[in-house]
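Before any comments, here is the structure.
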Amino acid sequence: MTKNIGATDKAIRALAGIAIALLYYFNIISGTFALILMAVAVLLLVTSFINFCPLYGILKINSIKKVK
């Protein structure tokens with residue numbers, strides 16, 4: 001797996017995943033919608049930790065800044 005997630009993208013994914021988890025933890029979201037969002041949160045956190053997004057790979061997107 002070639003890394004395709006840059007630092008900014010990684011931070012946004014991690015913060016969004018944590019925010020969704022906190023919404024669930026404090027019972028602000030519940031039911032089926034909450035479970036779907038928790039699955040999205042887990043996906044966001046995992047992709048931010050491994051620096052690879054399969055969807056980015058398919059679409060040939062790379063958010064890592066190139067150094068000249």
Side-chain angles (χ1 to χ4, degrees):
M1 289 186 299
T2 304
K3 293 181 180 182
N4 62 5
I5 295 178
T8 305
D9 195 0
K10 183 177 180 174
I12 291 170
R13 287 170 182 265
L15 289 174
I18 291 169
I20 293 170
L22 287 174
L23 289 173
Y24 181 76
Y25 179 76
F26 290 115
N27 293 320
I28 296 171
I29 56 174
S30 62
T32 305
F33 180 66
L35 295 176
I36 292 168
L37 281 181
M38 282 302 293
V40 170
V42 168
L43 181 65
L44 289 172
L45 288 171
V46 168
T47 57
S48 72
F49 287 132
I50 64 172
N51 293 325
F52 178 76
C53 178
L55 185 59
Y56 277 16
I58 293 169
L59 298 175
K60 302 208 186 310
I61 298 172
N62 189 344
S63 66
I64 298 174
K65 293 183 181 180
K66 304 278 192 240
V67 178
K68 291 182 181 180

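L43 and I58 are members of different hydrophobic clusters when ILVMFWY side chains are connected at heavy-atom separations under 4.5 Å. Under the 4.5 Å side-chain contact rule for hydrophobic residues, M38 and Y25 share a cluster.
Within 6.0 Å of the OH atom in Y24, the count of heavy atoms belonging to other residues, nucleotides or ligands does not exceed 12.
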Can I get a per-line list of side-chain donor-acceptor pairs under 3.5 Å for residues 2-23, giving both atom names and the distance, sequence neighbours left out?
unit_1	atom_1	unit_2	atom_2	d
N4	OD1	C53	N	2.9
N4	ND2	C53	O	3.1
D9	OD1	R13	NE	3.1
D9	OD2	Y56	OH	2.9
D9	OD2	S63	OG	3.2
K10	NZ	N51	OD1	3.4
R13	NH1	T47	OG1	3.0

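For residues 15-38, the set of pairs meeting the salt bridge (Lys or Arg N to Asp or Glu O under 4.0 Å) definition, not counting sequence neighbours, is empty. Within the structure, the salt bridge (Lys or Arg N to Asp or Glu O under 4.0 Å) test picks out no pair touching residues 14-31 (sequence neighbours left out).
Evaluated for a side-chain contact (heavy atoms from CB on, under 4.5 Å) with V42, the options L44, L45, V46, V40 yield exactly one hit, V46.
Put simply, CD1 on I64 and NZ on K66 are 7.0 Å apart, with the number rounded to the nearest 0.5 Å.
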